[in-house]
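One structure is given here, and the rest of the page talks about it.
Please read all numbers here as calculations on a predicted model, not as lab measurements. The chains referred to below are lettered A, B, ... by the order of the sequence lines, with proteins before strands, and numbering in each begins at 1.
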Amino acid sequence: MEMLVDVFLLGLLVATAVAISSTKDLFASIMLTGLYSLISAAFFVLMDAVDVAFTEAAVGAGISTLLMLSCMKLTGQYEPKPHRHRRLLGLVVVSVTGVLLLFGTLDTPNFGDDHSPIQDHLAPHYLTKSMEEIGIPNVVTSVLASYRGFDTFGETVVILTAGIGVLALLGFSPKRQSDDLDSLVAPMHHQKILRVVSKLLIPPILLFALYVQFHGDFGPGGGFQAGVIFAAAIILYAMIFGVHVARQVFRDGAIRLLAALGVLIYGSVGLLSFLSGKNFLDYSVLSDTPQHGQHWGIMLVEMGVGITVAAVMLIIFFTFSARVDKRERDGDENQRQ
Amino acid sequence: MSALLHYNYWIVILLMMIGFYIVITHANLIKKLLGLSIFQTSVFILYISMGKISGGTAPILYPGEHVYSNPLPHVLILTAIVVGIATTALGLALVVRLREAYGSIVEDVIQQQEQEDQR
């Protein structure tokens with residue numbers, strides 16, 4: 001039965017991917033990419049990867065689609081069909097590579113095999129020892145925030161760097177006049193139903209983000225997911241009530257500071273354990289018992305991740321939408337001239 | 001049933017090749033990024049499929065004897081997804097800048113203009 005769902009979902013993924021490849025309308029392709037992410041999230045649930053599914057649903061189907069759409073708005077909706085010889089050449093290259101890779105799968109362990117090499121070394125240790133070493137039920141969180149905490153630190157820094165990169169590329173446009181801001185009306189502001197429903201939805205979404213943040217030790221969730229969900233609530237507000245209104249609360253300076261603050265919290269926890277005579281990010285010294293220390297460490301580190309992810313997502317969204325606004329205003333001026 | 005033992009890996013390769021095809025044949029830069037994200041997701045599916053154990057459950061411990069799927073690929077892919085969106089955003093920002101500089105996001109047009117500028 002499980003296999004049947006597996007076959008079905010993967011088949012659906014292939015169909016969506018083919019549709020993405022063949023449509024010329026970028027708007028359709030981007031919406032299909034959102035669908036593709038949602039289907040793959042369902043597939044991850046089937047594969048027992050609940051944390052991954054959670055992240056993919058929030059990131060892939062939500063934020064990523066939104067960013068692609070804002071980018072499309074800035075650059076145009078249609079694309080030319082690729083030349084014939086190019087398609088043919090592409091098909092040849094892809095087929096050859098594909099066949100070689102298929103040849104490689106002949107040696108891979110069977111799907112679902114519990115004696116394949118991947119199940120042999122680290123995983124049993126994590127699954128049997130993590131309860132006594134770390135003391136929290138969600139093994140994914142134990143590995144993410146404690147065993148491989150250094151990795152996650154690096155990834156948080158990568159996210160901050162990407163935020164800085166987007167700001168460097170698009171952020172520092174000429175200053176706008178303040179009266180300009182009031183003249184901007186959100187395109188969806190007159191949609192009464194959206195306004196009422198979003199007002200009802202935003203507080204529960206924020207609350208849910210906090211739940212995901214602090215419940216990550218016991219169930220699926222954690223800083224990455226919570227950060228994205230938190231940012232999604234703010235973005236929903238910004239889309240319906242106007243980006244400039246949201247930016248009055250989440251000021252540019254403040255969210256830039258928060259993005260760095262998250263990494264700072266993470267690094268400080270590592271430094272603290274370092275200075276207490278243990279390895280970098282070995283939390284066992286943070287409290288009187290090692291297990292208690294691990295709890296503190298994981299909570300602080302996840303908080304750092306959550307803050308950075310939420311802030312960077314907001315930075316990226318605000319930067320893109322500021323560009324869209326600017327483009328529209330420039331367009332208006334050109335028409336007047 | 002034995003035909004299905006490598007089914008997931010075949011689909012991974014198929015998806016990966018579709019993504020690869022989009023990246024090398026389409027000239028539109030946003031489309032290329034879409035292809036890249038399909039490629040990326042196929043890698044996610046590969047990792048997660050490898051960690052699955054038949055009859056296993058999600059790696060959240062609870063009392064009693066249970067078979068859990070491998071948590072390690074989950075951790076790697078979870079962070080990869082978030083890093084993936086951050087890098088995609090960077091790529092999109094570059095696309096916007098290219099459009100402002102060249103007035104087009106079609107690879108051929110950009111290359112043509114670049115060649116004309118060099119002359």
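At a 4.5 Å heavy-atom cutoff, L89(A) makes no contact with chain B through either its backbone or its side chain. For L13(A), the parts sitting under 4.5 Å from any heavy atom of chain B are the backbone and the side chain alike. Heavy atoms of Y78(A) lying under 4.5 Å from chain B belong exclusively to its backbone. Contacts between P109(A) and chain B at a heavy-atom distance below 4.5 Å involve the backbone alone (N, CA, C, O). Looking at L91(A), the atoms closer than 4.5 Å to chain B (heavy atoms on both sides) sit in the backbone and in the side chain alike. If you measure heavy-atom distances from S40(A) to chain B, the contacts under 4.5 Å come from the side chain alone. Contact annotation for S130(A): only side-chain heavy atoms (C-beta onward) come within less than 4.5 Å of a heavy atom of chain B. Of the two parts of V7(A), the backbone and the side chain both hold a non-hydrogen atom closer than 4.5 Å to a non-hydrogen atom of chain B. At a 4.5 Å heavy-atom cutoff, the contact between V140(A) and chain B is made by backbone and side-chain atoms alike. In this structure, chain A has a heavy atom under 4.5 Å from the side chain of I13(B), while its backbone stays farther away. With a threshold of 4.5 angstrom between heavy atoms, F54(A) does not approach chain B through any atom at all. Using a 4.5 Å cut-off between heavy atoms, L10(A) contacts chain B through both its backbone and its side chain.
For the set G227(A), S37(A), A123(A), G219(A), the count of heavy-atom pairs under 4.5 angstrom toward chain B peaks at A123(A). Chosen from V158(A), T156(A), T33(A), the residue pairing most often with chain B at heavy-atom distances under 4.5 Å is T33(A). Looking only at heavy-atom pairs under 4.5 Å with chain B, the residue among S116(A), P137(A), A162(A), G222(A) that has the most is P137(A). With chain A as the partner, the residue from M50(B), H26(B), K31(B) showing the most heavy-atom pairs under 4.5 Å is K31(B). No other option in R86(A), M131(A), M313(A) has as many heavy-atom pairs under 4.5 Å with chain B as R86(A). Residue with the most contacts toward chain A among I105(B), I22(B), V83(B), L15(B): L15(B) (heavy-atom pairs, distance under 4.5 Å). For the set L29(B), L90(B), T87(B), the entry with the most heavy-atom pairs within less than 4.5 Å of chain A is L90(B). Note on G84(B), A27(B), S49(B): by heavy-atom pairs under 4.5 Å with chain A, the leading option is S49(B). Of the listed residues (L72(B), I24(B), I38(B)), the one with the most heavy-atom contacts under 4.5 Å to chain A is I38(B). Put simply, of L76(B), L92(B), I18(B), the one with the most heavy-atom pairs under 4.5 Å next to chain A is L92(B).
Residues satisfying the salt bridge (Lys or Arg N to Asp or Glu O under 4.0 Å) criterion with R148(A), sequence neighbours excluded, are D151(A).
Under the 3.5 Å distance criterion, the side-chain polar atoms of S37(B) are matched with a main-chain donor or acceptor of L34(B). Without hydrogens or angle criteria, S69(B) side chain to K52(B) main chain gives no donor-acceptor distance under 3.5 Å. A donor-acceptor pair is defined here as one N or O able to donate and one able to accept, closer than 3.5 Å; such a pair exists between the side chain of T65(A) and the backbone of G60(A). Using a distance-only test at 3.5 Å, with no hydrogens or angles considered, no donor-acceptor pair links the side chain of H6(B) to the main chain of L106(A). Panel note: side chain T55(A), backbone D51(A); a donor-acceptor pair is recorded below 3.5 Å. With hydrogens and angles disregarded, no donor-acceptor distance shorter than 3.5 Å links the side chain of S21(A) to the backbone of A17(A). A donor-acceptor contact shorter than 3.5 Å is absent between the side chain of R99(B) and the backbone of S104(B). Without hydrogens or angle criteria, T152(A) side chain to L144(A) main chain gives a donor-acceptor distance under 3.5 Å.
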Item to check | Residues Y126(A), Y147(A); criterion ring-ring contact (aromatic ring centres under 6.0 Å, His included); working and verdict | outcome: CA-CA 9 Å; Y126(A) 291 149; Y147(A) 289 115; 4.7 Å; yes

Item to check | Chi angles and distances behind the side chain to side chain donor-acceptor pair (under 3.5 Å) call for Q119(A), D114(A) | outcome: CA-CA 6 Å; Q119(A) 320 290 8; D114(A) 53 349; over 6 Å; no

Item to check | CA sep, side-chain torsions, deciding dist, call: T88(B), L36(B), side-chain contact (heavy atoms from CB on, under 4.5 Å) | outcome: CA-CA 9 Å; T88(B) 305; L36(B) 210 58; over 6 Å; no

Checklist entry - Does the side-chain contact (heavy atoms from CB on, under 4.5 Å) test come out yes or no for D48(A) and I53(B), once each step is laid out? => result CA-CA 9 Å; D48(A) 305 332; I53(B) 295 177; over 6 Å; no

Checklist entry - Run the side chain to side chain donor-acceptor pair (under 3.5 Å) check on T141(A) and N138(A) step by step: do they pass? => result CA-CA 6 Å; T141(A) 304; N138(A) 188 350; 3.2 Å; yes

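Other residues, nucleotides and ligands contribute over 12 non-hydrogen atoms within 6.0 Å of the OH atom of Y68(B).
Scanning residues 106-119 of chain B against chain A with a 4.5 Å non-hydrogen threshold yields V106(B), E107(B), D108(B), sorted by number.
A tilted orientation is assigned to the rings of F44(B) and F44(A), their planes being inclined by 30° to 60°.
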